[in-house]
Student: 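One structure follows; several queries about it will come next.
No experiment lies behind these values; they were computed from the predicted model shown.
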There are 2 protein chains.
Amino acid sequence: MPQSSAANSSPSPLVDAQDRFIGLWGDMASSWGVPRTMAEIHAMLFVSGEESNTDEIMARLEISRGNASMTLRTLVEWGIVARRHRRGDRRDYFSAEQDVWKLFATVLRARKRREIDPLLDALRSCSLPSGQSPNATSDATSAHNERIGSMIEMVEALDVLSERLLGPTGPGSDRMESLVRELSEVEP
Amino acid sequence: MPQSSAANSSPSPLVDAQDRFIGLWGDMASSWGVPRTMAEIHAMLFVSGEESNTDEIMARLEISRGNASMTLRTLVEWGIVARRHRRGDRRDYFSAEQDVWKLFATVLRARKRREIDPLLDALRSCSLPSGQSPNATSDATSAHNERIGSMIEMVEALDVLSERLLGPTGPGSDRMESLVRELSEVEP
DNA sequence: CAGTTTTTTCAGAACAGACTGAAAATTGGT
DNA sequence: ACCAATTTTCAGTCTGTTCTGAAAAAACTG
């Protein structure tokens with residue numbers, strides 16, 4: 001009987017590899033400001049490729065019902081996990097998008113809307129009104145506005161690049177992959 | 001005497017705008033997993049465009065000496081802040097890179113090395129050894145390897161894209177800006 | 001409609017990581 | 001070599017987040 005309590009190391013090589021991936025994904029997320037559990041649930045659903053209900057998720061990741069519930073809600077809102085109802089089973093089943101490019105696009109789109117767009121607005125409000133009357137605008141003020149301006153320009157340029165990646169057409173399309181590969185080959 | 005204690009709101013429109021920028025940068029950083037102080041010190045040096053010593057930084061941002069010292073060390077290591085010694089003054093003076101594209105390139109390069117490269121190694125170790133003997137590899141195992149494999153491929157593709165952005169030639173070069181703008185125009 | 005199962009919510013516990021402050025180390029001057 | 005100015009270090013405190021657990025709500029069943 002080579003195991004003492006709960007979470008173990010080698011039930012099978014497959015489960016073992018899955019656990020490595022889940023742990024890895026969780027660590028990554030932490031360091032990028034995303035809650036660990038969020039990434040772990042997603043990772044579990046992604047690697048297994050199967051649907052799981054809340055209890056299975058709670059059991060495998062050893063997390064509380066509340067945590068699982070809240071996090072699943074968010075994951076579904078973000079659009080990278082789907083909730084499905086099964087006939088004759090009261091519980092909800094969850095599964096993760098299997099196309100990694102769609103996954104990436106979804107996350108990028110979300111972050112863009114939630115962070116980049118508001119950032120641009122806020123940045124613009126850091127400029128100072130320049131030259132109202134003739135000789136008005138001081139050197140210090142215009143230097144300030146140039147700095148903020150170049151910052152804005154850069155963020156806008158990256159924003160345009162990301163829009164290009166996400167494609168002009170709404171949500172769908174896996175053209176993203178080929179686009180990234182093309183971009184990697186553009187000659188300077 | 002319209003002010004009570006320490007940090008105030010409107011000493012001058014310029015300082016006011018600077019403070020907005022500093023605060024904004026700090027918030028951004030927090031939400032991306034970078035310590036607030038790190039971003040605030042950098043923001044202060046960037047918007048002011050001037051050199052400052054540790055005491056000036058401590059005073060303006062209302063942070064401790066220890067925090068300032070440690071954070072400045074890190075910023076200098078990252079290469080986005082420079083430390084300079086002035087004749088006849090024992091204190092060190094710090095200033096921030098003013099070229100926003102260089103700034104971005106530096107940060108991107110650092111994160112790439114510190115996170116992407118190790119991530120790829122770790123990801124590879126999440127695959128399972130496949131088909132040793134004839135009929136060996138099970139469906140589950142090969143499905144697993146395909147999922148991990150597609151993940152790896154995507155990260156590699158993005159890695160190549162970032163390398164392209166950073167330019168084949170070492171640190172320097174502000175070709176990055178024009179490259180980003182070009183990429184934004186590539187036709188699918 | 002009462003009972004049962006599943007999900008949601010949220011106040012507080014537990015935790016992680018940032019920040020402080022004072023002591024130790026370093027640097028420069030005389 | 002000594003003293004003064006400055007920087008660095010780090011143990012402990014503090015702050016903000018995430019997670020738990022149990023109670024409330026909702027959803028379904030017979």
Side-chain angles (χ1 to χ4, degrees), chain A residues 6-7 22-23 25-45 51-78 81-95 114-115, chain B residues 6-7 22-23 25-45 51-78 81-95 114-115:
Chain A
I22 293 170
W25 223 228
D27 290 346
M28 276 287 297
S30 287
S31 88
W32 282 80
V34 174
R36 161 171 261 100
T37 306
M38 190 93 55
E40 287 190 340
I41 294 185
H42 174 264
M44 167 186 162
L45 295 172
E51 288 189 329
S52 304
N53 60 44
T54 307
D55 293 84
E56 290 167 349
I57 295 170
M58 288 167 57
R60 174 134 191 208
L61 302 180
E62 301 184 87
I63 59 176
S64 72
R65 185 171 302 280
N67 190 4
S69 173
M70 294 294 241
T71 304
L72 281 166
R73 158 195 287 295
T74 309
L75 249 14
V76 171
E77 270 168 14
W78 282 13
V81 161
R83 180 196 299 258
R84 198 173 73 88
H85 191 71
R86 280 189 189 174
R87 286 284 181 91
D89 190 337
R90 293 224 198 144
R91 290 164 297 182
D92 281 346
Y93 283 77
F94 299 90
S95 59
R114 278 187 292 111
E115 326 236 23
Chain B
I22 294 171
W25 222 229
D27 291 346
M28 276 287 298
S30 286
S31 87
W32 281 80
V34 175
R36 163 170 261 101
T37 308
M38 191 92 57
E40 287 190 338
I41 293 184
H42 175 264
M44 167 185 162
L45 295 173
E51 288 188 330
S52 304
N53 60 43
T54 307
D55 294 85
E56 290 166 349
I57 295 170
M58 288 168 56
R60 174 134 190 208
L61 302 180
E62 300 184 86
I63 60 176
S64 72
R65 186 171 301 282
N67 190 7
S69 172
M70 293 296 241
T71 303
L72 281 166
R73 155 196 287 295
T74 308
L75 285 170
V76 171
E77 270 167 15
W78 282 13
V81 161
R83 180 197 298 259
R84 198 173 72 88
H85 192 72
R86 282 189 189 172
R87 285 288 180 90
D89 190 337
R90 290 227 200 142
R91 291 165 296 182
D92 282 345
Y93 282 76
F94 299 90
S95 59
R114 277 188 292 110
E115 326 236 20

Student: If the condition is salt bridge (Lys or Arg N to Asp or Glu O under 4.0 Å), which residues does B:R114 pass it with, not counting sequence neighbours?
Tutor: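 Result, salt bridge (Lys or Arg N to Asp or Glu O under 4.0 Å) vs B:R114: none returned.
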Student: On DNA chain D, check which nucleotide each of A:G88 and B:M70 is closest to and give me the residue with the more 5' one.
Tutor: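 On the 5' side of the pair lies B:M70.
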Student: Residues in side-chain hydrogen bond (donor to acceptor under 3.5 Å, both in side chains) with B:S30, at least two apart?
Tutor: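 Partners of B:S30 under the side-chain hydrogen bond (donor to acceptor under 3.5 Å, both in side chains) test: B:R36.
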Student: Quick one: closest heavy-atom pair of B:S31 and A:E115, and the distance?
Tutor: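 Minimum heavy-atom contact is OG-OE1, 3.1 Å.
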Student: Could you tell me if the side chain of A:E77 sits less than 4.5 Å from the side chain of A:R73, heavy atoms only?
Tutor: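 Of all side-chain heavy-atom pairs linking A:E77 with A:R73, at least one is under 4.5 Å.
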Student: Walk along DNA chain C from 5' to 3' and tell me the first and last nucleotide with an atom closer than 4.0 Å to a non-hydrogen atom of chain A.
Tutor: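 Boundary nucleotides touching chain A, in 5' to 3' order, are C:dT4 to C:dC10.
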Student: Is there side-chain contact between A:H42 and A:V81, with at least one heavy-atom pair below 4.5 Å?
Tutor: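 Touching, per the 4.5 Å side-chain cut-off.
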Student: Who pairs with B:E51 by salt bridge (Lys or Arg N to Asp or Glu O under 4.0 Å), at least two apart in sequence or on another chain?
Tutor: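 By the salt bridge (Lys or Arg N to Asp or Glu O under 4.0 Å) rule, B:E51 matches B:R84, B:R86.
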Student: On DNA chain C, nearest-nucleotide positions of B:H85 versus B:G66: which is more 5'?
Tutor: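 Looking at DNA chain C, the more 5' nearest nucleotide goes with B:G66.
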Student: Where along residues 27-39 of chain B does a heavy atom come under 4.0 Å from DNA chain D, residue by residue in number order?
Tutor: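 Contacting residues: none.
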Student: What's the CG-P distance between A:L72 and D:dC19, to the nearest Å?
Tutor: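 In whole Å, D:dC19 P and A:L72 CG are 13 Å from each other.
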Student: Does any part of the side chain of A:I41, heavy atoms only, come nearer than 4.5 Å to the side chain of A:I63, both counted from C-beta?
Tutor: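 In short, these two side chains touch, coming nearer than 4.5 Å.
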Student: Can you give me the closest heavy-atom contact between B:A68 and B:T54, atom names plus distance?
Tutor: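 Result for this residue pair: CB-CG2, 4.0 Å.
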Student: Counting primed atoms plus P, OP1 and OP2 as sugar-phosphate and everything else as base, spell out the protein contacts along nucleotides 1-7 of chain D at 4.0 Å heavy-atom distance: B, S or - for each nucleotide, 5' to 3'.
Tutor: ---BBSB
Student: If I compare all heavy atoms of A:N53 with all of A:Y93, which pair ends up nearest, and what's the gap?
Tutor: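 Of all heavy-atom pairs spanning A:N53 and A:Y93, the closest is ND2-OH, 3.4 Å.
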Student: Does any non-hydrogen side-chain atom of A:I57 lie less than 4.5 Å from one of A:L72?
Tutor: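 Yes, at least one pair of side-chain atoms sits under 4.5 Å.
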